[in-house]
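Count residues from 1 along the sequence. These numbers come from the heavy atoms of this one structure, side chains and all, not from hydrogens, waters or symmetry mates.
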Amino acid sequence: MYCDYIQSLIMRKHFLTILSVTLLLAGCATLSETECRQADWEALGEADGALGYPPERIAEHREACAEYGIAPDADAYARGRLAGLDRLCTIQGGLAHGRAGRGYSGVCPPGYERDFYDGYQVGRRIHDVRTELERTEEDIDDIEFDLRRNDLDETRRQILYFQLTEKERDQRILRRELSTLEQEARDLISEL
């Protein structure tokens, strides 16, 4: 059983390492050659605006595409980005952005920033509580796995039961908090 435990830890670490490397490589270039050649710059600008990228994002696209001798259509990109900001800079956009765990770099125009931020604050708290709840549930799974081991002495078993009780209490608190936040999000949207 102990070997199974070690094996599961190793598998998790391998998965996290592979995921990290994949994300790092994906961040190296914003667009591939095919994407540069087939780009709908207005649609790309809209997508970037809706994701909250600052206007300087086009410089990253320009750098990625320069390698292939392609220049972005800056006017089309700017038009699209503004349309994307129209979707982002709302209460719903802020909720979605926060729930996804994205940061905010102050891209919303002053007249729209308050709506975005009202939604973003609630969405970000939802994200943070969900993340903490997931970690707590993983901790519970790990403790329950350890409790199934046959080679535990009584003292270690009691410590694990105490830890399990604490984590289950934390889980209940986080679930209540998440439920309250989800209701707060529904109330924000219903007020529109």
Side-chain angles (χ1 to χ4, degrees), residues 1-32 47-48 50-54 57 60 64 88 90-108 113 115-191:
M1 290 195 104
Y2 185 69
C3 289
D4 292 339
Y5 173 72
I6 297 299
Q7 222 173 7
S8 72
L9 288 177
I10 291 170
M11 292 303 286
R12 277 191 215 161
K13 287 183 182 176
H14 283 310
F15 173 74
L16 292 175
T17 301
I18 291 168
L19 179 64
S20 299
V21 169
T22 302
L23 291 174
L24 283 173
L25 290 175
C28 292
T30 60
L31 301 170
S32 69
D48 284 353
L51 289 172
Y53 284 110
R57 175 76 168 173
E60 295 173 31
L88 173 69
T90 63
I91 288 175
Q92 299 97 319
L95 273 167
H97 206 71
R99 276 187 171 137
R102 294 188 190 104
Y104 176 58
S105 56
V107 296
C108 291
E113 195 163 43
D115 284 345
F116 171 86
Y117 198 67
D118 287 347
Y120 180 76
Q121 284 183 304
V122 174
R124 188 58 196 228
R125 286 182 12 231
I126 288 170
H127 173 269
D128 293 346
V129 170
R130 279 188 178 152
T131 301
E132 191 174 345
L133 181 58
E134 287 171 10
R135 272 196 307 267
T136 300
E137 289 172 345
E138 287 173 5
D139 290 345
I140 289 170
D141 289 344
D142 290 345
I143 293 168
E144 288 174 340
F145 181 84
D146 285 345
L147 282 168
R148 289 191 294 271
R149 291 180 38 208
N150 294 329
D151 61 345
L152 291 177
D153 63 41
E154 192 54 36
T155 302
R156 180 68 181 141
R157 191 171 297 283
Q158 287 176 355
I159 290 169
L160 287 171
Y161 275 122
F162 175 76
Q163 290 173 342
L164 181 61
T165 302
E166 291 292 306
K167 291 293 180 181
E168 287 173 339
R169 187 204 68 206
D170 293 346
Q171 181 186 44
R172 286 189 300 275
I173 291 168
L174 289 166
R175 284 181 176 166
R176 280 194 302 269
E177 186 176 356
L178 184 58
S179 177
T180 300
L181 288 168
E182 291 289 359
Q183 183 58 52
E184 193 174 331
R186 286 189 294 274
D187 291 346
L188 267 176
I189 291 172
S190 71
E191 292 172 5

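- Residues Tyr53 and Val107 form no side-chain contact, since every pair of their non-hydrogen atoms from C-beta on lies 4.5 Å or further apart.
- Here Ser32 pairs with Glu35 under the side chain to side chain donor-acceptor pair (under 3.5 Å) rule; sequence neighbours left out.
- Ala64 and Thr30 make their closest contact through CB-OG1, 3.6 Å (heavy atoms, listed as atom of the first residue, atom of the second, distance).
- The distance from atom CD of Glu137 to atom CD of Glu168, rounded to the nearest 0.5 Å, is 11.0 Å.
- Residues satisfying the side chain to side chain donor-acceptor pair (under 3.5 Å) criterion with Arg135, sequence neighbours excluded, are absent altogether.
- The distance from the CD1 atom of Ile126 to the CG atom of Leu133 is 12.5 Å, given to the nearest 0.5 Å.
- Distance alone, capped at 3.5 Å, places no donor-acceptor pair between the Ser179 side chain and the Arg175 backbone.
- At least one side-chain heavy atom of Arg99 sits under 4.5 Å from a side-chain heavy atom of Glu182.
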Donor-acceptor pairs under 3.5 angstrom involving side-chain atoms of residues 117-125: please list them, not counting sequence neighbours.
{"residue": "Asp118", "atom": "OD1", "partner": "Arg114", "partner atom": "NE", "Å": "3.2"}
{"residue": "Asp118", "atom": "OD1", "partner": "Arg114", "partner atom": "NH2", "Å": "2.8"}
{"residue": "Tyr120", "atom": "OH", "partner": "Arg102", "partner atom": "O", "Å": "2.7"}
{"residue": "Arg124", "atom": "NE", "partner": "Asp128", "partner atom": "OD1", "Å": "3.3"}
{"residue": "Arg124", "atom": "NH1", "partner": "Gly101", "partner atom": "O", "Å": "2.9"}
{"residue": "Arg124", "atom": "NH1", "partner": "Arg102", "partner atom": "O", "Å": "3.2"}
{"residue": "Arg125", "atom": "NH2", "partner": "Glu184", "partner atom": "OE1", "Å": "3.3"}

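- Evaluation of the side chain to side chain donor-acceptor pair (under 3.5 Å) rule for Glu60 yields Arg57 as partners, not counting sequence neighbours.
- Rounding to the nearest 0.5 angstrom, the gap separating the CD atom in Glu138 from the CD atom in Glu134 is 7.0 Å.
- Across all non-hydrogen atoms, the minimal contact from Leu88 to Ala50 is CD1-O, 3.4 Å.
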Could you give the side-chain donor-acceptor pairs of residues 156-167 under 3.5 Å, partners two or more places apart or in another chain?
{"residue": "Arg157", "atom": "NH1", "partner": "Leu147", "partner atom": "O", "Å": "2.8"}
{"residue": "Arg157", "atom": "NH2", "partner": "Arg149", "partner atom": "O", "Å": "3.1"}
{"residue": "Thr165", "atom": "OG1", "partner": "Tyr161", "partner atom": "O", "Å": "2.9"}
{"residue": "Glu166", "atom": "OE1", "partner": "Arg169", "partner atom": "NH1", "Å": "3.1"}
{"residue": "Lys167", "atom": "NZ", "partner": "Asp139", "partner atom": "OD2", "Å": "3.1"}

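- Residues passing the side chain to side chain donor-acceptor pair (under 3.5 Å) test with Gln183 are Arg186, Asp187, sequence neighbours excluded.
- Nearest heavy atoms, Gly52 versus Ser105: O-OG, 3.4 Å.
- Atom CG of Asp115 sits about 4.5 Å away from atom CD1 of Ile91, to the nearest 0.5 Å.
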